[in-house]
Amino acid sequence: MSTPNTSTDTNTSITPNTPNTPTYVLVHGAWHSGRAWDRVVPLLTRAGHRVFAPSLTGHGDKAHLLGPEVGLDTHVDDVVDLLTEEDLTDVVLVGHSYAGMVVSSVADRVPERLAGLVYLDAMVPTDGETVVDVMPVTQFLIDLAAGSDTPWRIPPMPETPSPGGLFGVTDPADVAWLRTLVSDESVGCFQQPVRLDNPAADALPRTHIHCVGSEPEGFVRRAVPATQPNGSPAQVWELRSGHDCMVTVPAELAELLLKAA
């Protein structure tokens with residue numbers, strides 16, 4: 001087990017890019033924070049890349065901003081604002097899990113700032129879809145929250161017996177660390193549809209990384225179309241890991257992300 005960097009909720013490397021070296025923006029999934037990438041950021045930085053791993057609104061250093069008004073569009077704005085405020089271009093935009101919804105929408109908004117998309121064990125929506133459409137099991141979580149005093153708050157998924165663990169993490173020390181990062185999600189993030197109507201986004205190359213070997217019983221992954229929107233063959237790689245591969249196999253993940261650049 002590697003030791004995580006615990007200095008900040010939002011990782012930002014300061015290594016300057018060399019010409020034609022893309023910048024990585026790593027977007028965490030539901031319930032997580034930017035610190036989920038603590039073990040991956042230094043590996044990409046050492047390879048000469050500038051790396052950003054922001055916490056989305058309601059998580060990490062922005063946990064106090066969680067409210068019923070937070071939705072998918074809030075998180076899309078978070079990432080678009082980062083790209084524009086830092087004037088980032090030639091960005092490899094990586095979305096983990098729920099953040100597949102986020103990065104798809106960001107690509108629709110600012111395709112000119114991106115070099116490509118990486119869907120890391122992620123949801124891959126089509127125009128007008130919600131998280132519930134892409135992964136119907138999430139409706140169960142919404143229904144559970146509806147019976148609580150705060151029906152807009154969805155608690156993190158519970159830990160399950162091995163090999164499930166906590167988001168696929170089973171090492172006790174890793175689980176304990178991960179528990180310090182996760183927090184409730186707003187129901188709006190699961191119910192707000194994506195808007196994907198910018199044809200310029202279709203030109204972006206896309207890579208799909210699937211975590212395999214520890215899938216929950218009955219899990220069915222949406223098939224990746226054989227052809228990317230830009231006409232190229234689909235690029236789908238497998239990574240033997242639980243869902244939170246950035247925690248369990250950071251070196252192997254970083255190697256794949258570097259190949260995707």
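Throughout, residue positions are numbered sequentially from 1 according to the sequence presented.
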- Can you find a side-chain donor-acceptor pair between His75 and Tyr98 that sits under 3.5 Å? yes

- Message: Between Asp244 and Leu178, is there a side-chain heavy-atom distance shorter than 4.5 Å?
- Response: yes

- Joint cluster assignment, Val132 & Val137, ILVMFWY side-chain distance < 4.5 Å: yes

- Within-4.5 Å side-chain heavy-atom neighbours: Leu72 and Val102: yes

- Kindly indicate whether the side chain of Tyr24, heavy atoms from C-beta on, has any atom under 4.5 Å from the side chain of Val40. no

- Specify the closest pair of heavy atoms between Thr138 and Phe190, including all atoms of both residues, with the distance to one decimal. CB-CD1, 4.4 Å

- Task: Return the minimal non-hydrogen interatomic distance between Ser186 and Gly67, and the atom names on each side.
- Result: OG-O, 3.4 Å

- Message: With side chain to side chain contact (heavy atoms under 4.5 Å, CB included) as the criterion, how do Thr248 and Asp171 come out once you've worked through the C-alpha distance, each side chain's angles and the decisive distance to 0.1 Å?
- Response: CA-CA 8 Å; Thr248 57; Asp171 178 88; over 6 Å; no

- Message: For the CD1 atom of Ile154 and the CG atom of Leu144, what is their distance to the nearest 0.5 Å?
- Response: 9.5 Å

- Task: Run the numbers on Leu257 and Leu44 for side chain to side chain contact (heavy atoms under 4.5 Å, CB included), then give the verdict.
- Result: CA-CA 8 Å; Leu257 293 180; Leu44 299 177; 4.3 Å; yes

- Task: Give the C-alpha distance, both sets of side-chain angles, the deciding distance and a yes or no for side chain to side chain contact (heavy atoms under 4.5 Å, CB included) between Val110 and Glu112.
- Result: CA-CA 5 Å; Val110 288; Glu112 70 279 1; 3.9 Å; yes

- Query: Can you say whether the rings of Trp37 and His96 are parallel (under 30°), tilted (30 to 60°) or perpendicular (over 60°)?
  - Reply: perpendicular

- Thr207 and Gln235: side chain donor to acceptor below 3.5 Å: yes

- Message: With a 4.5 Å cut-off on side-chain heavy atoms, are Leu66 and Asp184 touching?
- Response: yes

- Message: Quick check: is Met135 connected to Val220 through a chain of hydrophobic side chains (ILVMFWY, heavy atoms under 4.5 Å apart)?
- Response: no

- Message: Do Leu204 and Val124 sit in one hydrophobic cluster, given that two such residues count as connected whenever their side-chain heavy atoms are within less than 4.5 Å of each other, even indirectly?
- Response: yes

- Item | Short side-chain to backbone donor-acceptor contact, Thr150 and Trp152, under 3.5 Å | no

- Message: So does Gln228 get a backbone contact from the side chain of Ser232, meaning a donor-acceptor N/O pair under 3.5 Å?
- Response: no

- Task: Mind listing the closest non-hydrogen atom pair of Cys245 and Leu239 along with its distance?
- Result: CB-CD2, 3.7 Å

- Salt-bridged, Arg113 to Asp87, with N to O below 4.0 Å? yes

- Task: Using a strict 4.0 Å threshold on nitrogen-to-oxygen distance, state whether Glu129 and Arg222 make a salt bridge.
- Result: yes

- Correct closest heavy-atom pair for Ala203 and Asn230 would be O-ND2, 3.5 Å

- From the list Arg153, His59, His32, side chain to side chain donor-acceptor pair (under 3.5 Å) with Glu185 holds only for His59

- Validation row: Ser241, Glu252 side chains within 4.5 angstrom (heavy atoms): no

- Are Thr160 and Leu166 close enough that some pair of their side-chain heavy atoms sits under 4.5 Å apart? no

- Are Leu43 and Leu256 connected in a single hydrophobic cluster, I mean Ile/Leu/Val/Met/Phe/Trp/Tyr linked by side-chain heavy atoms less than 4.5 Å apart? no

- Task: Would you kindly say whether Thr74 and Asp77 are connected by a side-chain donor-acceptor distance under 3.5 Å?
- Result: no

- Cation over ring face, Arg39 and Trp177, 6.0 Å, 45°: yes

- Query: Above 12 or not: heavy atoms from other molecules or residues under 6.0 Å from CD of Glu69?
  - Reply: yes

- Is there a side chain to side chain contact (heavy atoms under 4.5 Å, CB included) between Phe167 and Val182 once you walk through the steps? CA-CA 10 Å; Phe167 296 103; Val182 298; 4.1 Å; yes

- Item | Pairwise side-chain contact, Trp237 with Val118, heavy-atom cut-off 4.5 Å (strictly under) | no

- Task: Report yes or no: do Val70 and Val76 belong to one cluster of Ile/Leu/Val/Met/Phe/Trp/Tyr joined by side chain heavy-atom distances under 4.5 Å?
- Result: no

- Message: To check you understand the geometry: which heavy-atom pair defines the closest contact between Ala234 and Val224, and what is its length?
- Response: CB-CG1, 4.1 Å

- Arg195 to Ser105 - nearest heavy-atom pair and separation: N-OG, 4.4 Å

- Between His243 and Ser214, is any side-chain donor less than 3.5 angstrom from a side-chain acceptor? no

- Taking side chain as C-beta onward, heavy atoms only, is Asp197 less than 4.5 Å from Asp108? yes

- Got a second to check how far Met246's CE is from Leu253's CG, nearest 0.5 Å? 6.5 Å

- Might you confirm whether atom CD of Glu238 has over 12 heavy atoms from other residues, nucleotides or ligands at distances under 6.0 Å? no

- Query: At what distance, to the nearest 0.5 angstrom, does NE2 of His208 lie from CG of Leu117?
  - Reply: 8.5 Å

- Message: So, taking the atom named CG in Leu120 and the one named OG in Ser97, what distance separates them when rounded to the nearest 0.5 Å?
- Response: 8.5 Å

- Task: Measure the spacing between OG1 of Thr23 and CG of Leu93 and express it to the nearest 0.5 Å.
- Result: 11.5 Å

- Among Leu82, Val106, Val79, Leu83, find the residue that satisfies the side-chain contact (heavy atoms from CB on, under 4.5 Å) test when tested with Val91. Leu83

- Item | Any donor-acceptor pair under 3.5 Å from Asp78 side chain to Thr57 backbone | yes

- Message: I'd like to know if the side chain of Lys62 reaches the main chain of Leu56, judged simply by a donor and an acceptor atom lying under 3.5 Å from each other, with no hydrogens or angles considered.
- Response: no

- Measure the CZ-CG distance between Arg50 and Asp90 for me, rounded to the nearest 0.5 Å. 12.5 Å

- Message: Determine whether a donor-acceptor pair (N or O, by modelled atom type, separation under 3.5 Å) exists between the side chain of Asp121 and the backbone of His210.
- Response: no

